[in-house]
Student: 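Quick one: this structure, given as structure tokens, is what I'll be asking you about.
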Protein chains: 2
Amino acid sequence: MAELSLPELDPAGDRAVFRQIADHIRDAIGRETLREGDKLPSEAQLMQHYGVARMTIRNALQVLQSEGLTVAEHGRGVFVRSRPPVRRLASDRFARRHRDQGKAAFIAETEGAGGKPSVDSIRITEVQAPVEVAERLRLGEGDSVISRSRRYLINGQPVETAVSYVPAEIARGTRIEQPDSGPGGIYARLEELGYQLDHFVEEIQSRMPFRDEVRALKLAPGVPVFRLVRTAYAVDGRPVEVCDTVMSSDAYLLSYELPAR
Amino acid sequence: MAELSLPELDPAGDRAVFRQIADHIRDAIGRETLREGDKLPSEAQLMQHYGVARMTIRNALQVLQSEGLTVAEHGRGVFVRSRPPVRRLASDRFARRHRDQGKAAFIAETEGAGGKPSVDSIRITEVQAPVEVAERLRLGEGDSVISRSRRYLINGQPVETAVSYVPAEIARGTRIEQPDSGPGGIYARLEELGYQLDHFVEEIQSRMPFRDEVRALKLAPGVPVFRLVRTAYAVDGRPVEVCDTVMSSDAYLLSYELPAR
DNA sequence: TAGTGGTCTAGACCACCTA
DNA sequence: AGGTGGTCTAGACCACTAC
């Protein structure tokens with residue numbers, strides 16, 4: 001602990017002791033006295049330094065963890081969380097010129113950035129459209145859709161889960177029902193089927209992940225997720241696909257261009 | 001507690017007791033046995049029901065709170081968190097037709113949705129451009145910018161903070177330096193000054209809020225924020241403004257249209 | 001005043017990691 | 001084996017809210 005030298009507690013202030021301790025450590029991280037990957041003093045050392053009970057120290061560490069600033073590793077220590085390289089999603093990523101290259105957007109981009117893309121957990125089923133999907137596809141309740149769910153990884157690290165829905169009427173019996181949807185992905189298949197794509201609408205929300213999302217994306221505590229729902233529209237105005245994705249928020253930066261006119 | 005009837009603990013499973021308890025309550029919320037605004041059983045009731053110590057119950061409740069599912073109110077109880085109405089930001093919100101109506105985007109939209117918009121904490125200063133801003137505005141270090149910071153509220157509830165940066169060379173001596181930037185906001189002023197706007201680029205990230213953001217936006221525990229940085233480009237390609245905003249993620253849904261061509 | 005959550009103590013035993 | 005964090009107990013006193 002000699003190297004860190006955290007301040008003393010302020011006994012006068014009415015701010016709770018565990019909050020003061022969290023403040024000290026947070027400040028040290030902010031000033032980069034503690035940097036990404038650095039190990040914090042152990043709980044025992046912090047108890048010693050501040051002269052408080054263990055639960056008080058653990059409360060302080062809990063605060064930092066839920067802020068996404070630190071991660072605890074059982075048996076090793078508590079560390080300043082390091083952020084993975086950010087993947088930028090630009091708004092032209094579904095432009096036809098990319099589709100024509102014969103690779104799905106994710107593969108093309110990841111390789112372009114020097115990463116090793118992979119896709120797993122591919123599951124294809126025909127189901128009744130969930131309400132949110134039916135609304136976006138302008139289907140009635142009970143209408144069925146082909147659902148393609150999969151998980152995207154970069155260098156073996158999961159970053160995104162996605163479920164695509166295409167009206168069964170369109171996709172049944174086509175390659176969209178196959179695990180490998182072929183060169184250019186399902187958007188290329190849709191165009192081959194005569195549904196020339198016109199535009200997409202992406203709707204973005206952010207929230208803390210559900211339990212299954214924490215598992216599927218191997219999320220650290222204190223990391224929110226983006227939920228991005230993309231609807232693809234054909235030139236005649238008909239929505240032909242909905243893609244519901246959940247992304248680790250610290251793996252992505254989303255970028256969009258908006259007209260000013 | 002009679003009305004809730006949570007399951008018993010599974011003594012065989014190796015899942016921690018406080019996690020099992022959190023699971024039970026989370027399930028009850030998921031099934032809508034507990035609905036938005038409902039009060040959870042008190043800590044004392046839960047101790048009684050499960051026959052465990054208070055810290056075990058508090059650990060379970062802490063889990064739910066950091067997932068954004070519940071909020072504790074001192075002296076009152078723990079409640080299922082209710083989500084405020086979501087404000088949808090569409091990608092045409094800076095279209096000229098809105099600007100020409102003489103209202104800034106925020107005011108026009110909020111009134112359109114039946115809310116009462118307000119803006120406070122307006123502070124205008126001339127400063128050296130922060131690095132991230134200088135890069136986006138293609139300024140050198142040391143170049144100064146006019147910074148306009150303010151906070152947006154809907155029905156008195158803060159939802160967003162924003163700081164705009166305009167090169168001082170452009171804004172100095174203009175109404176952009178005034179607290180009330182006039183009809184149509186600063187984008188209208190920039191156009192009057194001869195910088196006809198062509199497009200915007202918005203970059204979106206999500207993370208847990210800093211302490212000052214929790215205060216400024218009155219954020220509940222477990223609520224992440226969007227950070228949205230918008231750069232405005234004039235028709236000659238010159239970036240003329242950067243706006244750095246932080247938004248409560250549960251007050252917003254962002255929506256963008258992307259071309260497919 | 002009674003009930004609620006907020007903070008803190010002082011222990012205990014366990015599981016995991018490193019050496 | 002020794003150090004680390006993970007879980008849990010059984011108390012205590014306090015601050016806030018409702019009645």
Student: I need the NZ-P distance between Lys39(A) and dT18(C), as an integer number of Å.
Tutor: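 In whole Å, dT18(C) P and Lys39(A) NZ are 12 Å from each other.
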
Student: In whole angstrom, give the distance that lies between atom CZ of Phe79(B) and atom C1' of dG5(C).
Tutor: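 Rounding to the nearest Å, CZ of Phe79(B) and C1' of dG5(C) are 11 Å apart.
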
Student: Verify the distance criterion only: is there a donor paired with an acceptor across the side chains of Tyr50(A) and Glu8(A) at less than 3.5 Å?
Tutor: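 Result is no, nothing qualifies.
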
Student: Could you state the CD-C1' distance from Glu43(A) to dC16(C), rounded to the nearest angstrom?
Tutor: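 From Glu43(A) CD to dC16(C) C1': 14 Å.
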
Student: Under 4.0 Å from any heavy atom of chain B: name the first and the last nucleotide of DNA chain D that qualifies, 5' to 3'.
Tutor: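 Listing 5' to 3', DNA chain D meets chain B from dT7(D) to dA18(D).
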
Student: Under 3.5 Å, is there a donor-acceptor pair between the Ser206(A) and Ser206(B) side chains?
Tutor: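 Looking only at side-chain atoms, Ser206(B) and Ser206(A) do form a donor-acceptor pair, the distance falling under 3.5 Å.
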
Student: Under 3.5 Å, which donor-acceptor pairs do the side chains of residues 67-75 of chain B form with other protein atoms, sequence neighbours left out?
Tutor:
residue: Glu67(B); atom: OE1; partner: Arg26(B); partner atom: NE; Å: 2.9
residue: Glu67(B); atom: OE1; partner: Arg26(B); partner atom: NH2; Å: 3.3
residue: Glu67(B); atom: OE2; partner: Arg26(B); partner atom: NH2; Å: 3.0
residue: Glu73(B); atom: OE1; partner: Arg76(B); partner atom: NE; Å: 3.0
residue: Glu73(B); atom: OE1; partner: Arg76(B); partner atom: NH2; Å: 3.2

Student: Evaluate the side chain to side chain contact (heavy atoms under 4.5 Å, CB included) criterion for residues Ser149(B) and Thr161(B): first the C-alpha distance (whole Å), next the side-chain angles of each, then the deciding distance (0.1 Å), finally the verdict.
Tutor: CA-CA 8 Å; Ser149(B) 72; Thr161(B) 62; over 6 Å; no

Student: Kindly state which residues belonging to residues 65-73 of chain B come within less than 4.0 angstrom of DNA chain C, counting heavy atoms of the residue only, listed by number.
Tutor: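 Nucleic-acid contacts, sorted: Ala72(B), Glu73(B).
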
Student: Rounded to the nearest angstrom, tell me the gap between atom CG in Leu64(B) and atom P in dG5(C).
Tutor: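 Atom-to-atom, Leu64(B) to dG5(C), this comes out as 13 Å.
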
Student: Any salt bridge linking Arg230(A) with Asp244(A)? Criterion: basic side-chain nitrogen under 4.0 Å from a carboxylate oxygen.
Tutor: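 No, this pair does not count.
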
Student: Report the relative orientation of the aromatic rings in Tyr152(A) and Phe106(A); use parallel for angles under 30°, tilted for 30 to 60°, perpendicular for over 60°.
Tutor: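 Geometry flag for Phe106(A) against Tyr152(A): tilted rings.
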
Student: Could you tell me if Tyr252(B) and Glu160(B) have a donor-acceptor pair between their side chains, going purely by distance under 3.5 Å?
Tutor: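 A pair is found: one side chain offers a donor N or O, the other an acceptor, under 3.5 Å apart.
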
Student: Could you tell me the separation between the CE atom of Met47(B) and the C1' atom of dT4(C), rounded to a whole number of Å?
Tutor: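 Atom-to-atom, Met47(B) to dT4(C), this comes out as 13 Å.
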
Student: Remember a base hit wins even if backbone is also touched, and classify Arg15(B) as base, sugar-phosphate or nothing at under 4.0 Å, heavy atoms.
Tutor: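 Counting heavy atoms under 4.0 Å across all strands, no contact is made by Arg15(B).
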
Student: Please tell me whether Arg148(A) and Thr125(A) have a donor and an acceptor in their side chains that are separated by less than 3.5 angstrom.
Tutor: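 Absent: no donor and acceptor within the cut-off.
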
Student: Restricting to pairs with a member in residues 122-136 of chain B, which pass salt bridge (charged side-chain N to carboxylate O under 4.0 Å, His left out), not counting sequence neighbours?
Tutor: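 Sorted pair list: Glu126(B)-Arg172(B), Glu132(B)-Arg227(B), Arg136(B)-Glu203(B).
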
Student: Would you kindly compare Gly75(A) and Met55(B) by the position of their nearest DNA chain C nucleotide and give the one closer to the 5′ end?
Tutor: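 With Gly75(A) and Met55(B) compared, the 5'-side residue is Met55(B).
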
Student: Is any side-chain heavy atom of Ser255(B) closer than 4.5 Å to one of Ile204(A)?
Tutor: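 No, every pair of side-chain atoms sits at 4.5 Å or beyond.
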
Student: Which of residues 209-224 of chain A have a heavy atom under 4.0 Å from DNA chain C?
Tutor: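 Residues of residues 209-224 of chain A that come under 4.0 Å of DNA chain C do not exist, since none gets that close.
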
Student: For residues 9-21 of chain A, which residue pairs pass the salt bridge (charged side-chain N to carboxylate O under 4.0 Å, His left out) check, not counting sequence neighbours?
Tutor: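 For residues 9-21 of chain A: Arg15(A)-Asp23(A).
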
